[in-house]
Amino acid sequence: MSEPKELSPALEPSTQDTPDLPEGWLQVQSMDLDAQGVARRPDGKVVFIDGALPFELVSANTHRKKNNWEQASLLAIHRESPQRVRPGCPHFGLHAGACGGCKMQHLDAAAQVAVKQRVLEDNLWHLGKVQAEMLLRPIQGPTWGYRYRARLAVRHVIKKGTVLVGFHERKSRYIADMQTCKILPPHVDALLMPLRGLIASLDARDTCPQIELACGDTVTALVLRHLEPLSAADTERLRAFGAQHAVQWWLQPKGPDTVHLLDAGGETLSYGLPDFGITMPFKPTDFTQVNPHINRVLVSRALRLLDVGKHERVIDWFCGLGNFTLPLATRAREVLGIEGSEALVARSRENYVLNQGLAPVHQALAATKFVARNLFEMTPEMLVADGTADKWLVDPPREGAFALVKALADIHRARHGVEGAAPLPPQAEGWTPPRRIVYVSCNPATLARDAGLLVHQGGYRCTAAGMVNMFPHTAHVESMAVFEWDGHAPSVKVDDAAPEVAG
């Protein structure tokens with residue numbers, strides 16, 4: 001288990017002064033990255049308390065001690081936070097067997113947003129020494145029924161004579177005994193118990209460890225992972241279930257590349273970006289955003305912040321299926337999408353051709369090229385070879401985009417003659433950095449690391465940043481930052497390797 005990370009107060013401390021607490025009582029001051037309450041003992045030792053919220057006076061049971069910190073579980077609340085609410089799901093809590101899918105259902109949804117905004121600000125400052133010039137209004141949407149993508153574990157528990165379908169228990173490898181899940185769309189929530197019955201009826205009930213959910217705008221797809229071939233009777237049971245509950249079955253006998261429709265034909269799984277007239281077909285195992293309501297707003301805001309003109313060339317780094325690339329193609333002169341997965345690049349090309357065919361003649365998409373490349377091994381030479389772009393959209397996985405922004409910073413350092421900087425790569429004299437970068441992040445720690453590199457080494461200012469509540473009731477923080485080029489000189493040295501950050 002990694003060491004907990006203390007944050008500065010995520011919600012402002014209570015105005016009520018409590019200097020003389022009864023013995024054993026703790027005043028919770030903030031909330032950490034794992035949604036634990038953070039308090040201090042009289043000697044200054046930090047205590048991380050599962051289930052406690054900022055403002056509260058609590059008693060806690062310590063179950064792990066280190067020299068400078070302790071981990072504890074909530075025993076009693078002596079003064080309750082005004083932000084504490086009744087959880088919306090019966091399976092949420094600290095009790096044995098509680099579902100581990102959510103961590104913040106006991107905290108008011110608006111307060112969750114405030115916590116996550118502070119997480120972003122804390123990471124930018126403490127890890128990157130960067131302070132955004134402006135804070136963007138948080139992007140938020142429905143707090144229930146939002147999760148259109150999920151990986152549900154499956155297990156036939158012979159001793160209990162039942163099948164479990166759902167998420168794992170808190171801090172456990174066991175599957176929670178879930179009968180409902182309020183973060184899933186209502187029609188999928190209603191399928192949890194029928195799915196138990198279906199798996200129990202299969203000949204292969206002991207060799208089906210997982211069901212992956214992918215909802216499009218009009219299609220609900222379920223991918224059944226099965227370790228042995230299915231019998232004819234089992235495939236008929238799946239067909240009957242699909243017809244009864246309006247779901248599309250896909251099968252996965254081995255790795256992700258083996259995923260295929262149970263029966264060919266039928267409606268295509270897809271989602272739309274109506275602000276741009278874009279339709280995005282995808283396979284149920286492709287990466288797409290979990291929350292389509294937020295994704296639509298996210299894409300619109302990113303393009304508004306990037307402010308692309310018809311005369312501009314744009315590069316979309318870590319482009320995936322083209323979630324940002326194709327909307328960019330409705331605005332720019334030319335777009336380059338770069339992604340590490342050959343399969344996703346192929347799908348991006350298909351989606352571009354489809355949408356180019358659907359677009360009215362006067363609204364044809366800009367010339368767009370897709371390239372497969374390992375973006376974790378970027379170099380200044382590769383960056384220059386991709387040509388000058390007016391603007392960048394960067395949307396990396398949790399690992400961030402260190403190699404990419406380091407290559408950008410290395411060119412800037414070389415031009416300023418920084419001691420130890422590598423020489424400029426060939427053809428770099430005519431290459432210019434993008435004037436603006438919009439960076440969409442699913443990990444505030446790696447965003448902060450990369451932001452520090454852009455600001456202190458790359459000649460950029462962080463003009464704006466804000467959080468995106470893609471996963472309500474969880475501690476997961478998505479965010480967005482904007483960087484403007486002003487060419488100021490590098491201020492500090494940078495290591496050749498990416499510094500480690502908490503994942």
Which atom of [X] lies closest to which atom of [Y], heavy atoms considered:
X	Y	value
Pro281	Leu354	CG-CD2, 3.4 Å
Lys369	Val371	CE-CG2, 3.9 Å
Ser348	Gly320	OG-O, 2.5 Å
Ala302	Val438	O-CG2, 4.0 Å
Phe471	Lys116	O-NZ, 3.0 Å
Leu227	Pro209	CG-CD, 4.0 Å

* **Atom NZ of Lys254 with >12 non-hydrogen neighbours under 6.0 angstrom** => no
* Asked: Under 6.0 Å from the NZ atom of Lys391, do we count more than 12 heavy atoms belonging to anything else shown?
  -> yes
Please set out all donor-acceptor pairs under 3.5 angstrom arising from side-chain atoms of residues 158-170, sequence neighbours excluded.
residue, atom, partner, partner atom, Å
His168, NE2, Arg173, O, 3.4
Arg170, NH2, Asp50, OD2, 3.0

Are any of the side-chain heavy atoms of [X] and [Y] separated by less than 4.5 Å?
X	Y	answer
Leu393	Ile315	no
Phe483	Thr463	no
Leu213	Val223	no
Leu195	Leu222	yes
Met178	Leu192	yes
Tyr439	Ser441	yes
Phe402	Thr446	no
Ile175	Leu152	no

Would a distance-only check, ignoring hydrogens and angles, find a side-chain to backbone donor-acceptor pair under 3.5 Å from [X] to [Y]?
X	Y	result
Asn123	Val119	yes
Thr368	Ala366	yes
Ser81	Pro54	yes
His226	Glu228	yes
Asp307	Arg304	no
Asp275	Ser300	no
Asn355	Thr279	yes
Gln140	Asn469	no
Arg398	Cys442	yes

* With sequence neighbours left out, which residue pairs that include part of residues 94-113 fulfil the ring-ring contact (aromatic ring centres under 6.0 Å, His included) condition? -> Phe92-His106
In Å and rounded to the nearest 0.5 Å, what is the [atom1] to [atom2] distance from [X] to [Y]?
X	Y	atom1	atom2	result
His260	Lys283	NE2	NZ	11.0 Å
Asp390	Arg333	CG	CZ	7.0 Å
Met467	Ser479	CE	OG	8.5 Å
Met480	Leu120	CE	CG	11.5 Å
Asn351	Met280	CG	CE	4.5 Å
Trp392	Asp316	CH2	CG	12.0 Å

* So, Glu312 and Arg436, do they make that salt bridge, N to O below 4.0 Å? -> no
Would [X] and [Y] count as having a side-chain donor-acceptor pair, cut-off 3.5 Å?
X	Y	value
Glu339	Ser341	no
Gln252	Trp250	no
His473	Gln112	yes
His187	Thr220	yes

* To do: Walk me through it: do Glu236 and Arg239 pass the test salt bridge (charged side-chain N to carboxylate O under 4.0 Å, His left out)?
  => CA-CA 5 Å; Glu236 285 305 314; Arg239 287 190 181 100; 2.6 Å; yes
* Given the rule in the side-chain contact (heavy atoms from CB on, under 4.5 Å) test, do Phe276 and Leu303 qualify, once you have shown the distances and angles that lead to the verdict? -> CA-CA 10 Å; Phe276 306 96; Leu303 265 69; 3.5 Å; yes
* Asked: According to the salt bridge (charged side-chain N to carboxylate O under 4.0 Å, His left out) rule, which pairs have a member within residues 183-195, sequence neighbours left out?
  -> Lys182-Asp189
* Asked: Which residue pairs pass the salt bridge (charged side-chain N to carboxylate O under 4.0 Å, His left out) test when at least one of the two sits in residues 197-214, sequence neighbours left out?
  -> Arg149-Glu212, Arg151-Glu212, Asp203-Arg237
* With sequence neighbours left out, what residues match Arg313 under salt bridge (charged side-chain N to carboxylate O under 4.0 Å, His left out)? -> Glu334
* Sequence neighbours excluded, which residues qualify as salt bridge (charged side-chain N to carboxylate O under 4.0 Å, His left out) partners of Arg331? -> none
* **Partner residues of Asn295 under the side chain to side chain contact (heavy atoms under 4.5 Å, CB included) criterion, sequence neighbours left out** => Tyr271, Leu273, Gln289, Leu298, Val299, Asn323
* With sequence neighbours excluded, tell me which residues meet side chain to side chain contact (heavy atoms under 4.5 Å, CB included) with Glu399. => Phe376, Pro397
Those residues that, when tested against [X], pass side chain to side chain donor-acceptor pair (under 3.5 Å) (two or more places apart):
X	result
Trp249	none
Tyr148	none
Arg155	none
Asp386	Arg373

* side-chain contact (heavy atoms from CB on, under 4.5 Å) between Val440 and Val394, intermediate numbers included -> CA-CA 6 Å; Val440 178; Val394 183; over 6 Å; no
* **Candidate pair Ile338 and Phe318, rule side-chain contact (heavy atoms from CB on, under 4.5 Å), full reasoning** => CA-CA 6 Å; Ile338 304 179; Phe318 304 91; over 6 Å; no
